[in-house]
Amino acid sequence: MTSEPMLWSGWGDPAQARELPGQVRRLLHDLLGVRAPVVPAAELESVRVPPAALEPRHLDALAALVGDGHVLTTHEARVRHARGRSTPDLLRLRAGDGDGAPDAVVLPGGHDEVASVLRLCAAERIAVVPFGGGTSVVGGLTAGRDGFAGVISLDLGRMNRLIEVDTESMTALFEPGVPAPEAERLLGAHGLTLGHFPQSFEYATLGGFAAARSSGQASAGYGRFDDMVAGLTVATPEGDLDLGRAPKSAAGPDLRQLVLGSEGAFGVITSLRLRVRRAPAEKAYEGWRLPGFAAGTAALRALAQDGPLPTVLRLSDETETMIGLARPDRIGAEESGEPGCLVIAGYEGASVAARREAAAAVLSAHGGVPLGEEPGRSWAHGRFSAPYLRDSLLAAGATVETLETAGFWANLPRLYDAVRLALLGALGSPLVMCHISHVYETGASLYFTVVTAQEGDPVAQWERAKEAVNAAIVEAGGTISHHHGVGRDHKAAYADEIGPLGVAILRAVKDRVDPAGVLNPGALV
Ligand SMILES: Cc1cc2nc3c(=O)[nH]c(=O)nc-3n(C[C@H](O)[C@H](O)[C@H](O)COP(=O)(O)OP(=O)(O)OC[C@H]3O[C@@H](n4cnc5c(N)ncnc54)[C@H](O)[C@@H]3O)c2cc1C
């Protein structure tokens with residue numbers, strides 16, 4: 001686990017960069033026709049950023065609110081806050097395109113400073129992009145500049161405290177800029193856990209999880225992040241919201257739900273009261289081989305509907321199983337290429353042995369063959385390492401990107417086929433892999449990983465594919481996002497999903513809390 005600053009043009013701790021195994025290089029070359037890019041990646045110093053538009057009086061006024069030293073205008077600070085971490089973001093940064101860079105990075109120290117910065121920005125028409133860990137993969141961090149006096153990135157990194165733990169109610173009150181590993185460390189001292197482990201765990205923050213409705217790898221056991229949010233405070237240019245005074249309420253619509261997933265467009269989350277659990281005394285992860293994706297899906301549905309539900313439950317399709325993506329540390333190792341579909345099942349907390357035995361009966365009844373604990377341990381060990389592999393693939397001339405959706409069980413096969421067909425149609429002969437990793441009684445999410453040879457302008461190449469997939473998801477009745485959010489990349493498809501009245505309702509909310517339109521302009525609505 002790392003706390004190093006993120007690589008400016010890639011993922012994670014630069015010290016953990018990974019070489020591609022020879023077998024993977026051969027596969028890329030022979031199967032996908034990948035050729036090394038002609039132009040090497042840019043250096044940070046040479047990245048092109050827009051001319052800074054904010055006037056000295058704006059910067060002075062901001063510094064007066066948050067303190068000298070907490071308004072950064074260096075080239076490096078601007079580049080580091082220019083974009084999120086989607087593959088197009090990284091391709092652009094590697095090409096020296098820092099187009100999305102803010103004029104300044106502002107680091108508030110608390111709720112009142114956030115509120116006063118928002119009031120100032122509304123009065124001066126300065127766009128404000130809240131910035132947590134910077135791991136958005138939907139274009140959530142690049143504000144439109146048109147019509148604004150300038151753009152600031154509001155980095156919540158100084159708001160990184162655990163404020164209070166209530167072991168009677170099993171809640172913990174946090175500031176929004178706490179990175180996920182730090183949250184686990186702070187809770188661990190009390191024998192507690194959140195149980196939220198997305199693949200971006202090493203860098204993403206609690207505020208970002210709430211703002212983008214994140215879902216972690218152990219969501220079957222601990223729930224999605226939005227399930228964990230008991231209360232929120234939010235600063236807007238028009239005043240504050242303090243939401244959530246009971247676990248559930250019949251007092252009208254739940255306004256917490258309006259803030260969750262609002263991606264900085266309706267306000268800045270300045271604290272979160274989160275449901276916590278006792279840290280599990282016992283953990284066991286194991287692998288199973290199912291005869292095919294259909295049989296595996298049926299087994300997962302049975303576990304989700306009739307139980308027992310493991311804490312981690314993940315099914316790779318045939319291609320993902322063959323490539324060995326569920327165990328990124330072992331891609332290219334000798335035993336990659338197993339047939340059938342790999343299931344990883346993990347059990348945490350109480351009654352591990354009994355739950356495991358009961359789940360084994362369900363998996364066996366669907367044709368499953370136990371593979372023992374080694375695949376589970378290997379998955380757990382490599383669970384955060386796949387994004388490092390992406391950097392090596394981009395450098396080698398392959399585009400690799402992930403995308404996700406969710407649907408009801410009855411519609412899942414149609415959705416699966418629609419996304420695959422759209423990708424094949426748009427990209428020729430890419431490698432398309434899929435897994436199910438978030439299950440519910442009524443349905444599940446599908447998470448795709450795509451690898452293709454870079455051709456011409458790789459950003460334009462991917463954007464064409466993404467457009468085709470978005471259309472296919474809408475047409476096939478899936479949601480445009482199960483956990484990555486909307487940002488700019490899914491805005492049009494989200495509008496299709498909720499319809500004109502839905503969009504008008506969101507606009508009305510935005511107009512009320514942010515009449516100047518300075519909050520993350522261009523995102524969500
Ligand atoms: C390699 C990789 C793997 C990933 N894996 C997963 C995964 O397994 N599951 C998953 O759910 N997601 C995943 N993501 C997506 C991403 O990590 C999540 O969307 C996460 O919730 C973003 O958190 P963050 O702190 O980085 O937020 P940021 O990226 O900084 O911000 C996300 C959005 O929320 C807004 N925002 C941030 N903080 C606040 C705040 N305090 N108040 C209001 N608005 C705010 C931002 O303006 C932006 O629009 C992955 C991303 C990457 C790059």
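Every number for a ligand or one of its atoms is a count from 1 in the order of the listing. Because only heavy atoms are used, hydrogens play no part in the values below, and waters and symmetry mates are left out as well, while side chains stay in.
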Undergrad: Look only at the side chain of Ser392 and the backbone of Arg18, and say whether a donor-acceptor pair between them is shorter than 3.5 Å.
TA: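 Here the side-chain-to-backbone pair exists.
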
Undergrad: Ligand 1 versus Ser214, non-hydrogen atoms closer than 4.0 Å: side chain, backbone, both, neither?
TA: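 For Ser214, backbone and side-chain atoms both sit under 4.0 Å from ligand 1.
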
Undergrad: Over 60° means perpendicular and under 30° means parallel, so classify the ring planes of Tyr222 and Phe197, tilted if in between.
TA: perpendicular

Undergrad: With a 3.5 Å cut-off and no angle check, do the side chains of Thr311 and Glu348 form a donor-acceptor pair?
TA: no

Undergrad: For Asp254, which residues count as a side chain to side chain donor-acceptor pair (under 3.5 Å) partner, sequence neighbours excluded?
TA: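 Testing Asp254 for side chain to side chain donor-acceptor pair (under 3.5 Å), a comparison that skips the adjacent residues, returns Arg256.
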
Undergrad: For atom 3 (C) of ligand 1, which of Ala265, Ser200, Ser437, Ser271 has the closest heavy atom?
TA: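 Looking at heavy atoms only, the winner is Ser200.
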
Undergrad: So is Ala386 close enough to ligand 1, meaning a heavy atom under 4.0 angstrom away?
TA: no

Undergrad: Given Gln461 and Leu427, is the side-chain contact (heavy atoms from CB on, under 4.5 Å) satisfied, shown in steps?
TA: CA-CA 8 Å; Gln461 179 195 16; Leu427 293 169; 4.0 Å; yes

Undergrad: Test of understanding: given a 4.0 Å heavy-atom threshold, classify the contact between Asn520 and ligand 1 as side chain, backbone, both, or neither.
TA: side chain

Undergrad: Show your working on side-chain contact (heavy atoms from CB on, under 4.5 Å) between Met433 and Val451 and close with a plain yes or no.
TA: CA-CA 9 Å; Met433 300 170 272; Val451 188; 4.0 Å; yes

Undergrad: Quick check on the 6.0 Å ring-centre criterion: do Phe293 and His435 meet it?
TA: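 Distance test on ring centres: not under 6.0 Å, no.
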
Undergrad: Using a strict 4.0 Å cut-off to heavy atoms of Ala211, name the atoms of ligand 1 that fall inside it.
TA: 34 (O), 35 (C), 36 (N), 44 (N), 45 (C)

Undergrad: Taking the six-membered ring for Trp, are Trp409 and Tyr440 ring centroids under 6.0 Å apart?
TA: no

Undergrad: Students should be able to answer this: which protein heavy-atom is nearest to atom 8 (O) of ligand 1, and at what distance?
TA: Gln199 N, 2.9 Å

Undergrad: Just need the protein heavy atom nearest to atom 22 (C) of ligand 1, so name the residue and atom and give the distance.
TA: Thr135 OG1, 3.3 Å

Undergrad: Between ligand 1 and Ser136, is the shortest N or O to N or O distance under 3.5 Å?
TA: yes

Undergrad: For His484, is there any backbone N or O sitting under 3.5 Å from a side-chain donor or acceptor partner on Glu404?
TA: yes

Undergrad: Within a distance under 4.0 Å of any heavy atom of Pro387, pick out the atoms of ligand 1 and give their elements.
TA: 1 (C)

Undergrad: Have a look at ligand 1 and work out which part of Thr270, if any, has a heavy atom under 4.0 Å from it: side chain, backbone, both or neither.
TA: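 Thr270 to ligand 1: no contact under 4.0 Å from either part.
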
Undergrad: Just do the salt bridge (Lys or Arg N to Asp or Glu O under 4.0 Å) check on Glu263 and Arg213 with the steps written out, would you?
TA: CA-CA 9 Å; Glu263 301 181 15; Arg213 280 194 191 274; over 6 Å; no

Undergrad: Using distance alone, decide if ligand 1 has a nitrogen or oxygen within less than 3.5 Å of any nitrogen or oxygen in Gly208.
TA: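 Checking ligand 1 against Gly208, an N or O pair does fall under 3.5 Å apart.
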
Undergrad: What protein heavy atom sits nearest atom 28 (P) of ligand 1, and how far away is it?
TA: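 Of every protein heavy atom, Gly134 N, 3.7 Å lies nearest to atom 28 (P) of ligand 1.
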
Undergrad: Under the 3.5 angstrom rule, does the side chain of Ser116 hit a backbone N or O of Glu113 as a donor-acceptor pair?
TA: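 Side chain of Ser116 to backbone of Glu113: a pair is present.
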
Undergrad: Using distance alone, decide if ligand 1 has a nitrogen or oxygen within less than 3.5 Å of any nitrogen or oxygen in Gly264.
TA: yes

Undergrad: Tell me whether ligand 1 is touched by Gly485 - counting only heavy atoms on the residue side and a distance under 4.0 Å.
TA: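 It does not, in that no heavy atom of Gly485 comes within the 4.0 Å cut-off of ligand 1.
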
Undergrad: Regarding ligand 1, does Gly140 bring an N or O atom to under 3.5 Å of one of the ligand's N or O atoms?
TA: yes

Undergrad: Specify whether Phe209 and Phe225 have parallel, tilted or perpendicular ring planes, treating 30° as the upper limit for parallel and 60° as the lower limit for perpendicular.
TA: tilted

Undergrad: What I want to know is whether Arg390 and ligand 1 share at least one N or O pair that is separated by under 3.5 angstrom.
TA: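 It does not: no N or O of Arg390 is found under 3.5 Å from an N or O of ligand 1.
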
Undergrad: Does ligand 1 come near enough to Glu263 that some N or O of the ligand is less than 3.5 Å from an N or O of the residue?
TA: yes

Undergrad: Under 4.5 Å between any side-chain heavy atoms of Asp496 and Ile480, yes or no?
TA: no

Undergrad: Check whether any N or O atom of Gly133, backbone or side chain, sits under 3.5 Å from an N or O atom of ligand 1, and answer yes or no.
TA: yes

Undergrad: Taking a cutoff of less than 4.0 Å between a non-hydrogen atom of the residue and any ligand atom, is Ser215 in contact with ligand 1?
TA: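 Yes, that is the case, since the closest heavy atom of the residue is under 4.0 Å from the ligand.
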
Undergrad: Pairs of nitrogen or oxygen atoms closer than 3.5 Å, one from Arg213 and one from ligand 1: do any exist?
TA: no

Undergrad: Would you kindly specify which portion of Tyr203 sits under 4.0 Å from ligand 1, judged on non-hydrogen atoms: side chain, backbone, both or neither?
TA: neither

Undergrad: Is there a polar contact, in the sense of an N or O pair closer than 3.5 Å, between Pro130 and ligand 1?
TA: yes

Undergrad: Are any of the N or O atoms of Ile269 closer than 3.5 Å to those of ligand 1?
TA: yes

Undergrad: Which bit of Leu156 is near ligand 1, meaning a heavy atom under 4.0 Å away: side chain, backbone, both or neither?
TA: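 Side chain only; the backbone of Leu156 stays clear of ligand 1.
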
Undergrad: Test of understanding: given a 4.0 Å heavy-atom threshold, classify the contact between Ala212 and ligand 1 as side chain, backbone, both, or neither.
TA: side chain

Undergrad: Hey, does the side chain of Ser262 reach the backbone of Ala265 with a donor-acceptor pair shorter than 3.5 angstrom?
TA: no

Undergrad: Quickly, which of His483, His196, Arg224, His438 forms a side chain to side chain donor-acceptor pair (under 3.5 Å) with Ser219? Name it, please.
TA: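 So, applying the side chain to side chain donor-acceptor pair (under 3.5 Å) to Ser219 and each of His483, His196, Arg224, His438, only His438 qualifies.
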
Undergrad: If you measure from each non-hydrogen atom of Val137 to ligand 1, which part falls under 4.0 Å: side chain, backbone, both or neither?
TA: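 Near ligand 1, Val137 shows its side chain, while the N, CA, C and O stay back.
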
